[in-house]
Asker: 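Here it is, the structure in full.
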Amino acid sequence: MTSQYHFVLLHGGCFGAWTWFSIEARLQKAGHKVTALDFAGAGIHPAEPNDIATFDEYHKPALDFFESLPENPEEKVVLVGHSMAGFALAQLMERFSHKISFAVFIAAVLSGSGVSLNDDTPLYAIMTSQESPSTHAIQFQFRNGVEKPPTSFYYPTSTLKHIFFSEFDSEDMVVLASKLCRPYPMEMLSTAFTYTKEKYGQVPSVYIKYSNDNTFTPPAQEYVSSKYGPFKEIIEIEGGHFNYLKRPDEFIQLLESLAKKYIGEEKSA
Amino acid sequence: MGRTQHFVLVHGAQHGAWCWYKTKALLESAGHRVSAPDLTSAGISAVNADDVKSFDHYNQPLYDVFESLGETEKVILVGHSYGGVPVARVTELYSRKIHVAVYIAGCMLCTEQPMSEVWPQVFDEFVNDMRFNFGRGAGTSPTSGWIVEETARRTYFGSCSPKDVQLGMMLLRPSPFMSDDATTFTEKGYHSVPRVYIKASLDLCLKPKFQDLFIQRNRPQEVRSIEAGHALQLCAAKELHRHLLQIAAAHVPDHGDEIQFS
């Protein structure tokens with residue numbers, strides 16, 4: 001008997017809930033419930049990204065959603081986060097561990113508990129190294145003036161294919177991204193929050209690594225997955241940053257099998 | 001071999017530039033240039049629909065495209081659904097910059113058939129399925145509106161694949177209500193540009209009977225038809241692409257003897 005779950009999907013930096021459209025359609029067809037949220041200032045959320053200064057502000061739509069979820073073991077969700085949503089995964093798992101049955105980190109970014117990304121020196125160094133294609137493509141916005149740190153980053157249209165979609169045959173995702181991506185708020189990356197073994201660590205989770213990722217490179221994924229678990233499994237997939245969109249059926253099969261393995265048969269159709 | 005053409009794509013109410021993703025990808029892969037702006041308050045526009053001040057404010061991103069064209073540059077202008085109304089406005093304002101105006105399951109108005117006359121007929125069917133914001137307070141006319149989810153899903157995205165339905169439903173935004181969208185259509189302006197109408201014969205949003213009315217009252221040079229639902233650019237993208245290339249070949253002088261049907 002196949003189990004049905006409630007998946008909550010969290011998009012990566014510059015993207016939005018829209019990113020999950022092909023995944024959401026397939027999950028619904030398979031009988032699952034799906035919630036895909038825009039973080040503040042992302043997708044069609046009305047906030048201005050350059051005005052967002054904290055993780056609480058950025059994650060507010062997800063925090064509000066979890067507040068509204070009933071305190072019911074039957075209603076636990078499977079939380080899936082991609083790329084920069086790693087921070088949201090950790091924050092939500094810490095605050096709402098009792099509402100999350102399982103978490104999936106996809107090439108996800110996360111700094112140490114109590115350590116901001118800017119202060120997580122080894123991780124910051126890998127992410128900003130010359131070896132990372134992202135470093136050469138990224139552009140910044142300076143809402144507070146150029147003498148102050150940048151308030152957001154974005155990728156120009158001409159870089160989208162190489163950075164995000166190099167393994168895709170069709171240009172469809174590149175065009176969609178060119179019309180829907182928005183700058184990603186950076187001020188919060190100099191802030192930190194704690195996540196603990198007692199709460200974050202109690203939610204079973206896995207980390208999916210993509211070996212040909214031009215956005216959040218393999219060395220960075222290796223760093224996060226080896227240091228900031230605990231992860232029940234670290235799964236290596238040969239693919240780029242959005243491999244789950246390139247191979248959606250395989251991704252969903254993987255999601256379902258992992259959920260079944262680590263949650264068990266408590267949820268039934 | 002045909003040379004590079006510049007297509008300007010105008011989305012309809014509640015939609016945004018995103019709805020053209022397949023059309024833009026296909027045209028660019030065929031070597032053409034594509035401008036597909038978000039009109040004000042649409043797509044990822046930072047402006048709220050209730051804060052759109054006028055029809056000109058709504059169209060400004062489209063005017064910007066035309067203002068940025070080279071001296072001798074002309075475009076193939078394409079409008080979907082309500083996007084036919086901005087298309088008509090820029091056709092009147094920039095007639096010398098347009099080879100041909102293409103209306104896809106769209107509102108193709110004329111002086112004798114302004115929006116104020118069309119609206120009650122076409123949208124009578126939706127009146128119970130629409131919701132409104134009254135940005136100027138109770139007792140005033142609405143500042144924006146949208147079609148309720150179930151009706152939007154069925155009528156906007158009929159014939160679409162589940163993933164495109166999902167995409168569209170996540171990105172629809174309220175549409176601004178503007179009272180000043182009437183355009184004066186002159187012989188030298190609007191009527192000097194050839195028009196082509198592409199019908200969607202399974203359209204549940206702008207029903208074929210209304211598409212026929214537009215065609216009858218304001219005869220275009222050519223009528224084509226695709227057997228699909230309202231969002232032809234999503235549910236019949238490849239077929240639409242072939243039509244657009246054929247229309248370009250027919251209406252751009254010295255286009256060349258061959259066009260790519262890729």
Side-chain angles (χ1 to χ4, degrees), chain A residues 7 9 11 14-32 34-38 40-51 61 141 143 152 154 157-158 160-161 165 168-184 245 248-249 252, chain B residues 7 9-11 14-51 61 133 144 146 153 157 160-175 233-234 237-238 241 262:
Chain A
F7 289 96
L9 309 176
H11 64 81
C14 301
F15 287 76
W18 60 268
T19 315
W20 299 102
F21 71 109
S22 58
I23 303 296
E24 197 164 344
R26 280 174 166 81
L27 285 172
Q28 282 167 354
K29 188 168 176 201
H32 302 292
V34 188
T35 304
L37 299 162
D38 278 337
I44 57 167
H45 188 282
E48 163 54 50
N50 286 290
D51 292 341
Q141 292 187 337
R143 176 57 59 96
S152 68
Y154 65 96
T157 299
S158 59
L160 294 174
K161 174 130 184 113
F165 304 113
F168 285 65
D169 304 312
S170 143
E171 297 299 298
D172 284 5
M173 281 308 300
V174 176
V175 175
L176 263 182
S178 74
K179 291 303 180 188
L180 293 171
C181 281
R182 295 175 66 188
Y184 175 84
L245 293 184
D249 291 322
I252 282 159
Chain B
F7 289 80
L9 311 177
V10 184
H11 64 75
Q14 294 199 255
H15 290 55
W18 54 266
C19 73
W20 295 110
Y21 80 95
K22 294 179 182 178
T23 303
K24 188 172 200 281
L26 286 163
L27 286 170
E28 286 177 342
S29 294
H32 299 292
R33 204 175 134 208
V34 180
S35 299
D38 276 337
L39 299 184
T40 306
S41 78
I44 56 170
S45 165
V47 178
N48 217 292
D50 299 309
D51 298 325
N133 266 348
S144 68
W146 60 95
R153 188 182 289 269
F157 305 120
C160 287
S161 64
K163 68 180 179 80
D164 284 332
V165 176
Q166 189 58 48
L167 180 71
M169 291 309 298
M170 286 200 275
L171 293 172
L172 293 179
R173 288 178 66 180
S175 205
Q233 66 271 60
L234 291 174
K238 289 204 163 95
H241 176 66
S262 54

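In this text the structure is predicted, and so the values were computed from the model without any measurement.
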Asker: Are any non-hydrogen side-chain atoms of A/F21 and B/L171 less than 4.5 angstrom apart?
Answerer: no
Asker: Rounded at 0.5 Å granularity, tell me how far CG in A/L180 sits from CG in B/D38.
Answerer: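 One finds 7.5 Å between CG of A/L180 and CG of B/D38.
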Asker: First locate atom CD of B/Q166, then atom OG of A/S22, and finally report the distance between them rounded to the nearest 0.5 Å.
Answerer: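 Rounded to the nearest 0.5 Å, the CD-OG separation comes to 9.5 Å.
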Asker: When rounded to the nearest 0.5 angstrom, what distance separates CH2 in A/W18 from CD1 in B/I44?
Answerer: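 So the gap between those two atoms works out to 9.0 Å.
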Asker: Determine the minimum heavy-atom distance between B/L172 and A/I44, stating which atoms define it.
Answerer: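 Minimum heavy-atom contact is O-CD1, 3.9 Å.
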Asker: Less than 4.5 Å to any heavy atom of chain B: does that hold for the side chain of A/E48, its backbone, both, or neither?
Answerer: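 Contact with chain B: none, neither part.
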Asker: Report the C-alpha separation of B/K163 and A/E24 in whole Å, then their side-chain angles, then the decisive distance to 0.1 Å, and conclude whether the side chain to side chain contact (heavy atoms under 4.5 Å, CB included) test is met.
Answerer: CA-CA 8 Å; B/K163 68 180 179 80; A/E24 197 164 344; over 6 Å; no
Asker: Testing the basics here: between B/M170 and A/A36, what is the closest heavy-atom pair and its distance to 0.1 Å?
Answerer: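 For B/M170 versus A/A36, the nearest heavy atoms are SD-CB, 4.4 Å.
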Asker: What closest approach, in Å, do B/A25 and A/D172 show between heavy atoms, and which atom pair accounts for it?
Answerer: CB-OD1, 3.4 Å
Asker: State, yes or no, whether a side-chain contact exists between A/E171 and B/S29 at a heavy-atom distance under 4.5 Å.
Answerer: yes
Asker: Within the 4.5 Å heavy-atom criterion, are B/Y21 and A/K179 side-chain neighbours or not?
Answerer: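 B/Y21 vs A/K179: side chains apart.
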Asker: Which heavy atom of B/W18 sits nearest a heavy atom of A/L176, and at what distance?
Answerer: O-CD2, 3.9 Å
Asker: Just verifying a value: how many Å separate B/K22 NZ and A/S170 OG, rounded to the nearest 0.5 Å?
Answerer: 9.5 Å
